[in-house]
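Before any comments, here is the structure.
Given the structure is predicted, the values throughout are model-derived calculations rather than measurements.
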Amino acid sequence: MIPANDESVVNPTNLEVMQRELETLWQRDTEEYDCEEYLQEPEESNIDFEEDEIEAVESTLVGMFGTNEVPATDAEVLADILRKASDYSSVRRGLWQYQQAKEEAWNLLSDSERKSVWQMLPEAIKKLSNAKREGLIVNFYEMESGGVYKVFTTDYPLIEETVSNSRLDRWLADLKVRQNSDCN
């Protein structure tokens, strides 16, 4: 048997009081706003620009921000980031942000720009890039934490394998052995 004064028991009169309080609060909140004001279109201001004023604003903006050319694709944006990078952390941020466009961006770079970026890359990324070029892997990307890579192999192109810097050499050697045994 439950005691009558137990506070954990919900009293029907308490529910009614709570319901009325909520309804009162709701009504007071909705009465403050006139529904009509949400349905009316805002009045358009009559702003006339002279053609020379528009040109003046455009030329000021171009002067402030350089040329008015904006890279059109992710690949162009990434290529620009890679061109301007001064260290691997800049390269890494760009690659992380524009992962899907990395190959297209790489193709947009000149040979000297590629060489400059290549020199900034850690050894693990160079090894994985070479493995991709050799056909051992389909693709890879570095995890945000750094030093850990998700790799897609040719034998399981839809399943990613996680490989750390510390076991990369051994993993690549095992992959070569596995692929060579598949060919025989």
Side-chain angles (χ1 to χ4, degrees), residues 29 38-39 41-42 44 47 49 53-184:
D29 286 346
Y38 292 109
L39 299 176
E41 291 289 324
E44 288 187 31
I47 300 174
F49 281 112
E53 291 174 324
I54 294 172
E55 289 174 14
V57 170
E58 286 176 349
S59 67
T60 303
L61 290 174
V62 168
M64 289 171 57
F65 298 109
T67 66
N68 58 354
E69 291 181 32
V70 177
T73 66
D74 286 351
E76 291 171 337
V77 172
L78 178 56
D80 195 46
I81 290 170
L82 296 176
R83 284 182 189 104
K84 294 176 181 174
S86 60
D87 59 6
Y88 176 64
S89 64
S90 301
V91 170
R92 188 171 182 272
R93 277 192 303 274
L95 289 173
W96 184 254
Q97 188 173 1
Y98 298 99
Q99 188 63 236
Q100 300 301 319
K102 69 181 182 181
E103 288 182 39
E104 188 179 347
W106 187 255
N107 292 332
L108 294 174
L109 299 177
S110 69
D111 288 340
S112 63
E113 291 167 335
R114 288 180 192 161
K115 184 177 180 179
S116 175
V117 171
W118 185 259
Q119 291 173 344
M120 289 184 244
L121 299 178
E123 278 306 307
I125 291 182
K126 291 177 182 179
K127 290 175 183 178
L128 287 166
S129 294
N130 287 331
K132 184 176 178 182
R133 202 172 12 260
E134 293 170 8
L136 288 174
I137 64 173
V138 175
N139 207 353
F140 70 94
Y141 64 92
E142 185 176 17
M143 297 297 295
E144 196 169 10
S145 60
V148 177
Y149 305 91
K150 296 290 185 176
V151 184
F152 299 88
T153 62
T154 54
D155 46 354
Y156 301 107
L158 300 177
I159 301 172
E160 60 188 31
E161 291 188 48
T162 303
V163 183
S164 65
N165 274 339
S166 60
R167 57 176 223 132
L168 180 63
D169 289 332
R170 181 70 193 146
W171 184 83
L172 285 171
D174 289 346
L175 185 61
K176 282 182 183 179
V177 168
R178 192 168 70 210
Q179 285 195 348
N180 286 336
S181 68
D182 288 345
C183 293
N184 294 331

Do V151 and L128 pass the side chain to side chain contact (heavy atoms under 4.5 Å, CB included) test, and can you show the C-alpha distance, the side-chain angles, and the key distance before you say yes or no?
CA-CA 9 Å; V151 184; L128 287 166; 4.1 Å; yes
Compute both the distance and the angle, then confirm whether K102 meets the cation-pi test with F140: under 6.0 Å from the six-membered ring centre, within 45 degrees of the axis.
yes
Under a 4.5 Å cut-off applied to non-hydrogen side-chain atoms, are V91 and L121 in contact?
yes
I would like to know whether V138 and T153 meet side chain to side chain contact (heavy atoms under 4.5 Å, CB included); could you show each step before the answer?
CA-CA 5 Å; V138 175; T153 62; over 6 Å; no
Is atom NZ of K126 surrounded by more than 12 heavy atoms (other residues, nucleotides or ligands) closer than 6.0 Å?
yes
Of all the heavy-atom pairs spanning A124 and N165, show the shortest one and how long it is.
CB-OD1, 3.0 Å
Roughly how far apart are N139 CG and E103 CD, rounded to 0.5 Å?
6.0 Å
Sub-4.5 Å side-chain heavy-atom contact between S129 and W118:
yes
List the steps and the verdict of salt bridge (charged side-chain N to carboxylate O under 4.0 Å, His left out) for D174 and R178.
CA-CA 6 Å; D174 289 346; R178 192 168 70 210; over 6 Å; no
Between CG of L109 and CD of E104, what distance do you get to the nearest 0.5 Å?
11.5 Å
Rounded to the nearest 0.5 Å, how far apart are CD of E123 and CG of N130?
9.0 Å
Rounded to the nearest 0.5 Å, how far apart are CG of L175 and CZ of R170?
11.5 Å
Which value, rounded to the nearest 0.5 Å, describes the distance between D74 atom CG and Q99 atom CD?
12.0 Å
Between L172 and K127, is any pair of side-chain heavy atoms under 4.5 Å apart?
yes
Looking only at atom types and distance, does a side-chain atom of D80 sit under 3.5 Å from a main-chain N or O of E76, one as donor and one as acceptor?
no
So do the side chains of R114 and N107 get within less than 4.5 Å of each other, counting heavy atoms only?
yes
Is the closest side-chain donor-acceptor distance between K84 and S90 under 3.5 Å?
no
Scan side-chain atoms only and decide if Y149 and E161 contain a donor-acceptor pair under the 3.5 Å cut-off.
no
Beyond-backbone contact of V148 with T162, side-chain heavy atoms, under 4.5 angstrom:
yes
Rounded distance [0.5 Å steps], CG in L78 versus CH2 in W96
14.0 Å
N/O donor-acceptor pair under 3.5 Å between S116 side chain and S112 backbone:
no
Mind checking whether F152 and I159 have side chains closer than 4.5 Å, heavy atoms only?
no
Quick check: closest heavy atoms across L108 and R83, and the distance to 0.1 Å?
O-NH2, 3.1 Å
Between I125 and E142, is any pair of side-chain heavy atoms under 4.5 Å apart?
yes
